[in-house]
S.K.: 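Sending over a structure as structure tokens; questions will come in a sec.
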There are 2 protein chains.
Amino acid sequence: MEKQEENIWAHCSSSSVRRASRQLGQLYDDAMGLSDLRGTQFSLLTQIGYLQEPTQKELAKAMVMDLSALGHTLKPLIRDDLVELVPDEKDRRAKRVRLTPTGRARQLELVANWQEAQRRFDAVLGAEKSAELRRTLAFIASENFAEAFAAAGKKGD
Amino acid sequence: MEKQEENIWAHCSSSSVRRASRQLGQLYDDAMGLSDLRGTQFSLLTQIGYLQEPTQKELAKAMVMDLSALGHTLKPLIRDDLVELVPDEKDRRAKRVRLTPTGRARQLELVANWQEAQRRFDAVLGAEKSAELRRTLAFIASENFAEAFAAAGKKGD
DNA sequence: GGAATTTACTGGCATATGCCACTATATTTG
DNA sequence: CAAATATAGTGGCATATGCCAGTAAATTCC
């Protein structure tokens, strides 16, 4: 009762995730080397490669990112010729995101750096906890979670 | 071996945390109501109140945030008279961050909204896993983690 | 088939974060 | 004490993200 003033990190999941995100952003970016490409950009390129020419909408959904935010984030990558937008043939509203040869090459180059960072992460946290953490975070990022979270508020709210 | 192309979320801790952070940012912000104050701002105000007039440096460290990033983030809060900077008496380089009466009041108003969001989170993930997750993330955000992460790279790198 | 509605983006504005260069103030050194 | 160095912030620039208000194209409804 009297301890509500305790450090917010101990009680707020959102703040906890955010703060950890800042720390990891730093650590992984450092580990990525002077590659001029950020961790966020690397993961975006990787996701684009994985999805094979997704529309911006599809990519945004996979990234759990706002569509316009994605659009903004893609700008510097397009400017640097790592990514290109090609209009969908069927739906002329949609634009598909595609890695340029340069983009594909840059992504491949950085895989080793990323693996090293991830290796260190696993070494420090432990492979078990590391995997478990990613599973939990994947659930939190899922639509199921968002729906359940919304539903949990419908009643008592 | 052939499955290196698998979804990055399943393997990258940094991306996982970041993606979850986006989702929770959305969910908590919604739960915070139309309070014109973001979840990030609420947690910042809360941390300032907890630390009792910290210097920007101290606050940045607690937030695991870059000093200049903190400065930028404080700007809108200062503009809106929720926070003020007061020069330290001993060290004239330092400026202490203090909640204004308005800031303190706004923070208190939002505690209930935050608690509701956190209640939902715990309800969906389970109180046990929720607490465990925060512990893990607190470790990841700690200096110990950063040092261990760096040390893990010194040898094989 | 044409109007109403939905969908996929774009552009503008605002916050969130970080890096680097620079300034002012302390602290350390010779 | 003065010079060298370290520390705390500030300002400018760049990316990361989100909201809202259009715009254009597709889909749904008389």
Side-chain angles (χ1 to χ4, degrees), chain A residues 14-15 17-30 32 34-45 54-61 63-80 82-83 85-97, chain B residues 14-15 17-30 32 34-45 54-61 63-80 82-83 85-97:
Chain A
S14 183
S15 302
V17 174
R18 223 172 161 74
R19 196 172 62 139
S21 152
R22 286 191 289 266
Q23 172 98 280
L24 288 184
Q26 290 295 108
L27 298 178
Y28 275 64
D29 273 359
D30 287 353
M32 284 308 249
L34 308 86
S35 72
D36 81 1
L37 213 50
R38 307 292 195 63
T40 50
Q41 299 181 314
F42 170 71
S43 67
L44 194 47
L45 292 185
T55 62
Q56 291 188 54
K57 176 80 177 202
E58 292 165 346
L59 181 56
K61 182 165 186 174
M63 300 288 296
V64 186
M65 195 181 286
D66 178 86
L67 175 60
S68 75
L70 173 66
H72 298 149
T73 301
L74 287 176
K75 290 248 171 77
L77 297 174
I78 293 171
R79 178 200 59 201
D80 298 340
L82 300 174
V83 156
L85 296 181
V86 291
D88 183 276
E89 296 185 9
K90 306 292 179 60
D91 188 338
R92 282 184 300 178
R93 291 170 302 180
K95 290 184 185 172
R96 294 188 171 277
V97 187
Chain B
S14 183
S15 302
V17 174
R18 223 173 160 73
R19 196 172 62 139
S21 151
R22 287 192 289 267
Q23 171 99 275
L24 287 184
Q26 290 294 109
L27 298 178
Y28 275 65
D29 273 358
D30 287 352
M32 284 307 250
L34 309 85
S35 73
D36 78 5
L37 212 50
R38 306 294 194 63
T40 50
Q41 300 180 314
F42 171 71
S43 66
L44 194 48
L45 292 185
T55 61
Q56 289 187 54
K57 176 82 177 199
E58 292 164 348
L59 182 55
K61 182 165 186 174
M63 299 288 295
V64 187
M65 195 180 285
D66 177 87
L67 176 60
S68 76
L70 173 66
H72 298 149
T73 302
L74 287 176
K75 290 247 170 76
L77 298 174
I78 292 171
R79 179 199 57 200
D80 298 342
L82 300 174
V83 156
L85 296 182
V86 291
D88 182 275
E89 296 184 9
K90 305 293 180 59
D91 189 338
R92 281 184 303 177
R93 288 171 304 181
K95 291 184 184 172
R96 293 189 172 279
V97 187

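To find a chain, count down the sequence lines: A is the first, B the second, and so on, and within it residues start at 1.
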S.K.: Assign B:K90 to base, sugar-phosphate, or nothing according to its heavy-atom contacts below 4.0 angstrom with the strands shown.
M.R.: sugar-phosphate

S.K.: Could you check how far CG of A:D91 sits from P of D:dA26, rounded to whole Å?
M.R.: 6 Å

S.K.: For residues A:D80 and A:L37, determine if any side-chain heavy atom of one lies less than 4.5 Å from a side-chain heavy atom of the other.
M.R.: no

S.K.: Report the residues that fulfil side-chain hydrogen bond (donor to acceptor under 3.5 Å, both in side chains) with B:S68, sequence neighbours left out, ordered by chain and then residue number.
M.R.: B:D66

S.K.: Among residues 17-26 of chain B, which ones have heavy-atom contacts with DNA chain D below 4.0 Å?
M.R.: B:R18, B:R22, B:Q26

S.K.: Could you say whether A:Q56 or B:T40 is positioned toward the 5' end of DNA chain C, judged by the nucleotide with the nearest heavy atom to each?
M.R.: A:Q56

S.K.: Which two nucleotides bound the region of DNA chain C that has atoms under 4.0 Å from heavy atoms of chain B, read 5' to 3'?
M.R.: C:dT15 to C:dA26

S.K.: Among residues at least two apart in sequence or on other chains, which ones pass salt bridge (Lys or Arg N to Asp or Glu O under 4.0 Å) with B:R93?
M.R.: B:D91

S.K.: Nearest 0.5 Å please: distance from the CG atom of A:D36 over to the CE atom of A:M32.
M.R.: 10.5 Å

S.K.: I want to confirm an ordering. Mapping B:R38 and B:T55 to their closest nucleotides on DNA chain D, which one lands closer to the 5' end?
M.R.: B:T55

S.K.: Not counting sequence neighbours, which residues clear salt bridge (Lys or Arg N to Asp or Glu O under 4.0 Å) with A:D30? List them please.
M.R.: none

S.K.: In chain order, what residues pass the salt bridge (Lys or Arg N to Asp or Glu O under 4.0 Å) check against B:D88, with sequence neighbours excluded?
M.R.: B:R96

S.K.: Which sits closer to the 5' end of DNA chain D, B:D30 or B:R96, going by the nucleotide each is nearest to?
M.R.: B:R96

S.K.: For A:P76, give me all partners under side-chain contact (heavy atoms from CB on, under 4.5 Å), at least two apart in sequence or on another chain.
M.R.: A:Q41, A:R79

S.K.: Holding to salt bridge (Lys or Arg N to Asp or Glu O under 4.0 Å), I want the full list of residues that pass it with A:K75, two or more places apart in sequence or in another chain.
M.R.: none

S.K.: Below the 4.0 Å mark, does D:dA8 have OP1 or OP2 next to a side-chain nitrogen or oxygen of B:K57?
M.R.: yes

S.K.: Rounding to a whole Å, what distance do you find between B:K75:NZ and D:dG9:P?
M.R.: 13 Å

S.K.: Return each pair, listed once, that meets side chain to side chain donor-acceptor pair (under 3.5 Å) where at least one residue sits in residues 20-29 of chain A; pairs must be two or more places apart or across chains.
M.R.: A:Y28-A:Q118

S.K.: As an exercise, state the distance from OG1 of B:T40 to CE of B:M63, rounded to the nearest 0.5 Å.
M.R.: 8.0 Å

S.K.: Mind calculating the distance between CG (A:L85) and P (D:dA24) to the nearest angstrom?
M.R.: 18 Å

S.K.: Please give me every residue in residues 64-72 of chain B whose heavy atoms get under 4.0 Å of an atom in DNA chain D, ordered by residue number.
M.R.: B:L67, B:S68, B:H72

S.K.: Could you tell me whether B:R79 contacts a base, only the sugar-phosphate backbone, or nothing, with contacts defined as non-hydrogen atoms closer than 4.0 Å?
M.R.: sugar-phosphate

S.K.: Could you pull out all residues at least two apart from A:L85 that satisfy side-chain contact (heavy atoms from CB on, under 4.5 Å)?
M.R.: A:Q56, A:L74, A:I78, A:K95, A:V97

